[in-house]
Structures are given as C-alpha cells and as structure tokens.
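Reminder, nothing fancy here: chain letters follow the sequence lines and each chain counts from 1.
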Amino acid sequence: MHNLKYIILLIFLISTAALANDKKDFKHFGMIPILSEGRIKPLDTFARVTLLGIYGKSALKDLKAIDWLAELLFDQRAAYHRPVFKIRNSDVQKALALEPHENQIYSFIAVSSALKKISPLIQALFTQDSKERSPAQNQLLELYMRVSNYLEISRSISLLVPQFTIGDEQVAKSLDLPAQDRLSYLQVIKRQSILDRILSDIKNKKSKLSKESKDRAIALSESLNSLSGDSESKVLRIVPPQFEKSPDREWVSPWQVVISGQGTPQTVEYFNLWANLSSAYFSPNPVEFEKLAQEVYDYSNKMAQTLASPTKLRWEQLYNQYDLFVKAVAFYILSFLLLCISWLAWKGPLEKASFVALILGAIPHFTGLVIRCYIMARPPVSTLYESIVFVAFIAVLASIFIEARRKGGVGTFIGSVIGIILLFISFGYEKEGDSMGMLAAVLDTNFWLATHVVTITIGYGCCFVASLLGHIYLLIGIFNHKLKRTQEEIEALSKNMLGATLFALFFSVLGTILGGIWADQSWGRFWGWDPKENGAMLICLWLLWAIHGRLSGYFKKASYAAIMCLTSIVVVIAWFGVNLLNVGLHSYGFTESIANNILIFTTLEILFTAGAFWIIQRRQLLTKMGT
Amino acid sequence: MKNFFIIIVAALLIFAIGYYRDSNTIPNSSTISKGVDESLSVQMSVPSFKFTTLNGEVKNIQDFKGKIIILNFWASWCGPCMEEFPAMLKIIASMPDARLVAISSDDSTRDIEKFLSKFKQSKELIKQQRILISLDQKREISSTHFNVLRLPETFIVNRKFKIIKKVVGSGPWVQGDIQSFLQSL
C-alpha cells in the first residue's frame, strides 16, 4: 500500500505535464499524412525531422515544430525573419560576413542574402572533392543545402496560396478576373494566354491600355514567372496517389500534380481546402484553422484510402508529443537518486520507492517500444538507435526481476544505471533524423527481425546486467569492511551473476545461429566471417570460456566477477565497434565520434577491473599471511 | 533449472508461431497486378459544368450521362493533340455510344475551325453530335474543374458518369488495348 502512494504521486506528475502540452490548435494539421523518406507519416513528424535538420533540435525555444512548419507554409514574411539556422563555426560566420550573435542563430533572410553574395565561392566548392575541402567549407556547403531545403519547403504550396492582387481595373477586365481580390497562382495562370497577348500588344505598341495598367500587366506577368520557378518543389508530398496501385506511383507535391498531369476533380477539391486553410491561418479565430485543418485531414485520408492509417497517424503524433523515453529516463534518474539517498538514511522505504520509480520508468519505456512496433509494423530493433532503446529496456526488465527476487537495491541499481546511460546514448542517435526511417531491403522481413535481432539484443542486455553485477561484486569486495554485507548476500550476488551469464549465453548463441540461418536465406551463406558475425561469436566464446572456467572451479569468484566486468567491453565492440571498420554487411550505424567514446570506455573498464581485482587479491593475500 | 527450460520452450514456440505467420505473408511476386498507370484507383464523379459548342448551343456535361465520354483538353497549336485527334475520331466513329467532348484552350473558334478542316470525317460526327467541341479560352473548365494546366490531357468517363481513367499526353488511342477497354465499358 505504501507503494501505491508513490505511484499515484508520480502518475499525477506525468499527467499534469501532458495536460499542459495539450493546449494546441494544430492537432489535425499535425496529423495530415505526408510521404517523406519512403514512409507515410504525420506532418508533425515531418516538421520535427525537418527542424532537426535545420535547427539541430526538434522544437524552437518558443515554438513547436508543427507551429513552425505552419508559419513557414502560410506566413513566410514572419518565417523568413525567424532565427532558425544555427551556425556554430566562427569561420563560417566570417565567410558569410555575418555579425556574431550570442546564440549563433540566424534568420533565413540573413543567411540567404549572405550566401547570395558568395555564390561564386559556393559553386567552386561544389566542384571540389569533399576530401579537399576544409571542415569550414564543408559546413558552408551543408548550410547551403539546409537553406535550399528550407526554401523549397516554404514554396511547396505557393501555387494555392492567394497572393496576387491585380489592382488595376483595366487589366482585370481584360483578364476577366476581380481587380481587388487576392488570387492564387492557379487562379491567375488560367489567363496566361490572354496575358501573353496583352504583353505582346504592349511590346508591339498596339496596346490601348494606360501606362499604369501596362506596368501592372508586366508586373503581374513577372511575378507569375518568378513563382513558376517553385514548380521544382517536391519535398512536401501531401497529395496521395490517385492512380491504380503501381510500385512507382508515389505521393506527390502540389506543384508536381499540375506539372506532371495528375490533376483531377479530386485534387481541385483538395487544393481548395488547402487554400482555405492558408487563409484561415490569419483568422483571429483559432478554432477556424483547426476546423479547416480537420477538413484537409479528412479529405487527404479519403484520397489515400488504405495507404494511410488514421489511427497510426494519431498514435505517431501522440508518440511525438509525449516523449516517452525522456519520461522513462526521468524516472530512472529518480530511482537512482532515491537509491543513493537510501544508503545514507531511511534505507527501507527509500529502497522500495526507488524500485517503484524503476518500474514506473519501465512503463513509458515499454509503451514507447510498443507504439513504435505498432506504427512501423515491425519489431523495434532495426536501427542502432532502436537497438539501444531496446537493450536498455531488456536490462531494466532483467533488473526488475533480480530486484523482485532478492531485494537489497542491487537490481534497482543495475536497472537505473543501464537505463540512464543507454537512453542518453540513444538520444544522441535520435538527432540523426527520422528515427522510424525505412529499412534496407534485407532487414525488411518481420520474422527474422523478430527472432535474430531481438534475440541478439536480449543477449546484449543480459550481458550488461551480468557485467554490472560483476562491478558490484568487485566493489563490495573492496569496501566490504565498511559495507558489512553478509556472506550470504555476497553468495547470492555471485549466483545472480552466473544466472545472468547463462541467460546472456543462451540468447547470444541462439541469436547467432538464427542469424546464420537468415544469412543463408538472404545472402546464400551461413557464415562469412563478417565483422559483425565475428563480434557475435566473440561474445559467445567469451561467455562460454567464463562459464566453463567458473563451473570447473578454475576461476575463483573474484576472477569470475572481473571477467564479467570485461564482458561489457566485448559487447560494446561487437555492437558498436564493428561499425567503425565500415566493412561488411552489418555496418548499419557508422559514426566517427564513437571511436573515441569506445576507447575511453574500454580504458576505464580495464583500469577499474584491473585495479579492483588487484586490491582484492592483495587483501586476500594479506589476510592469508595474517592467519 | 526448471524455469530455464520453460523459458527455452516458450521462446522456441514463439519463433515457430512467428515463422508460420510470416511465411504466410511473404508476397508472391506473380500476384502483384500489372496495373495501367492511368487508371484511377477511385472512381470520381464528374464535376458539373456547362460548355458552348461551336454552333452556339449551351450543353451541360450531365446531358451525356449513360454514354461513354472521352473528355479531351486540347488546343490546335499543340502537336501531341494533333497527333492523337485522328485516332480519337476513329474510335468515336466505331462506337455509336461514345461521345468526344473536346475542350479547346485556343484563342478563337477560327483556330479550331481551321484545325478541323483538315479532318473531313469530323464534320459528319460533329453534325451527329457525337463530337462536341467547345472553346474554353479562359480555361475555366480545364483548370478550375480538373487542375489541367498542360495539354493534351484526357479523362474517360464510364456510363455511370464516373471518371475511371486519365490519359496524359498523346494517348495510345490507336492501339487495340484502349479500344477494347472502351468497348468493355
């Protein structure tokens, strides 16, 4: 019953945060389906990933990603002045002659005009080989790409947005269009042939229009021409395919519809709804925008038929909104802190509370994984990011079992530490773009993902648990004269360590064999001495060696614990390390910065293990000599 | 140890079920339908619009409900339009139940008449009102109702007054496929 209090308190904390977030007008706008990076996703995800690419974070300080995208599409005048381009490198700032800002964030207007001034340099850089360019030059080009992408998105629906006012009665009359209304490109371009005739009359001095009207006609024609440059805009693929299913029929952008002849009465209707939405963006009544956004959303779902699932779109939006893994990590940190305090005071209740916090962290963690499985219709282990989140969950789950069986805080300690470390590492990988991206063809089979990869990653998780138990064992060995643990407790710890190793071995061996069978089916060979395969085998051999040594009595308990400590190095090398070789079929997550991290991690682990082991051995020797 | 065996058996059972279910869903390449690109995946209703024929008669597209309608957007200055026109004439001539509604983006009726004078067969069909030609200089029909900006584009409407196909560019009117397709409607 004691636990219930904590649970209620913590759930209340989550729900109030959620309520505060829910005050938004962009619910349906964020759910409109779009095809991007090979996947149909809600606009909300598209906005987050795009903003991540441009700004480096998936939300601005005072604006959510979806609000930012709406502004970019409907109100460029405001959007272009909003600082979103982060330029950290001072060399790049100098090259662009930008004034140094405190926060290093610049608006589109500032960056694009600066880029325009050095366009010959940019062009020269493009012709150079990327290895010959300096880091600052590469960043400059990267900035150029970001700016182009930003511009392209901002022009995506320019053909639908009412933005032309003819303003001259005579010209308007000849074109048979209203003079004072705001008109869209599509509304004006209909009269192209008439406008062309007016211009040719002006050119040939046959025109009877007044000078002012002539100027108006010329200006109108020029702005139409400049807008038709937007027709290259292909990023915002919000128009579902309307023609019979065929693999190469894809979702298209509004401009592509009219350029590639995909216009139908349906697109007319859809475009009208978008035009209304763009007008409603400026309406003082926020309800109107949401109402029209719902109409657009409903219509696009009607057009998409079975291609887009409204429930999945909604779930993905909720998944984005709630940041479940951040919530999980918050609970893990809480759990860890409570546990630390419990060592100082109120041991019993705080230990329990920390265990409850660990379980509460596991709930959003698990929910996040389940939602990802549902949205992507595949097991959540197909990218490095996903495997980290999954391994973290397995380790937390194993720790919960350990804690439930043998109390005393060891399980909670392991779970919270692994959960915090791995989830923080995963947040770094999340920055690489859409974390639910499409898969390489070979990975895209559910059965093998569900078996081989899941089994292998469960093996990783168990290895980490065993390794951390090894650390704890050694630490207790060193400090036991202060901690005063009973012999039974130490014995139980040793048993848990062996149990975790057995689990790790079982899943690693099974996973490796299943991987071989998969490889036989898709690549035509069971074993190819691929780095990843060698890594998997390394784990199996390492564990087998340790267990055999332990069971045969060759390794004493302390030696076994030291070997278990080093297991984490073996796993990290098999998991991340082989990607650094950048060879082989399993290189799914190459990252340069990771090499240093692995080096630091390995060094620390070896130093810790060797040091701890040496102290324990020395102490045992001294005790023996004393007796 | 007992628990350990239970876990192993449960894991193997899950794999077996997964494999059985997955092998059922592996797509068989031969079942992917060939598909004609231009066929619409949803049948769309034809928006209601009026047009004026060359002899000044005002018609409503709904007047042709129950017929097969080839709704063609074209112009006399457009090469591909000129290319496909004779084949379309042939189809209309061979199918008493089909109507060609050709909406032109030309500047004047004079251009259209000049164009038609090259195709003698068309005169008779226009007289029989199996071909209906209308001038849409302001592109009110093509652009406002169909998002058609480039020429030629053609919609095929079935007897239930639903658009079932769109042909972009000079269509495959001469080939047997489209003729038998139209016959089958």
Measure the [atom1]-[atom2] distance between [X] and [Y] for me, rounded to the nearest 0.5 Å.
X	Y	atom1	atom2	result
A:Arg191	B:Arg139	CZ	CZ	11.0 Å
A:Ser228	B:Leu149	OG	CG	11.0 Å
B:Glu140	A:Lys190	CD	NZ	3.5 Å
B:Lys166	A:Gln242	NZ	CD	8.0 Å
A:Glu269	B:Asn147	CD	CG	11.0 Å

Proximal component of A:Leu177, with respect to chain B [non-hydrogen, under 4.5 Å]: neither
Under a 4.5 Å heavy-atom cut-off, does chain B meet the side chain of A:Ile194, its backbone, both or neither? side chain
Show your working on side-chain contact (heavy atoms from CB on, under 4.5 Å) between A:Ile259 and B:Arg150 and close with a plain yes or no. CA-CA 7 Å; A:Ile259 296 302; B:Arg150 303 200 156 178; 3.8 Å; yes
Looking at chain B, which one of A:Thr264, A:Val258, A:Thr267 has the largest number of heavy-atom pairs inside 4.5 Å, strictly under?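 Greatest number of close heavy-atom pairs with chain B: A:Thr264.
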Would one find more than 12 heavy atoms of other residues, nucleotides or ligands at under 6.0 Å from atom OH of A:Tyr374?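 Check passes, neighbour count above 12.
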Is the CZ atom of B:Arg159 crowded by more than 12 outside heavy atoms at less than 6.0 Å? yes
Closest non-hydrogen atom pair, A:Gly263 against B:Phe155: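 Answer, listing the atom of A:Gly263 first, then B:Phe155: O-CZ, 3.4 Å.
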Which atom of A:Gly261 lies closest to which atom of B:Val168, heavy atoms considered: O-CG2, 3.2 Å
Between B:Ser142 and chain A, with a heavy-atom cut-off of 4.5 Å, which part of the residue counts as in contact: side chain, backbone, both or neither?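 Nothing of B:Ser142, per the 4.5 Å heavy-atom cut-off to chain A.
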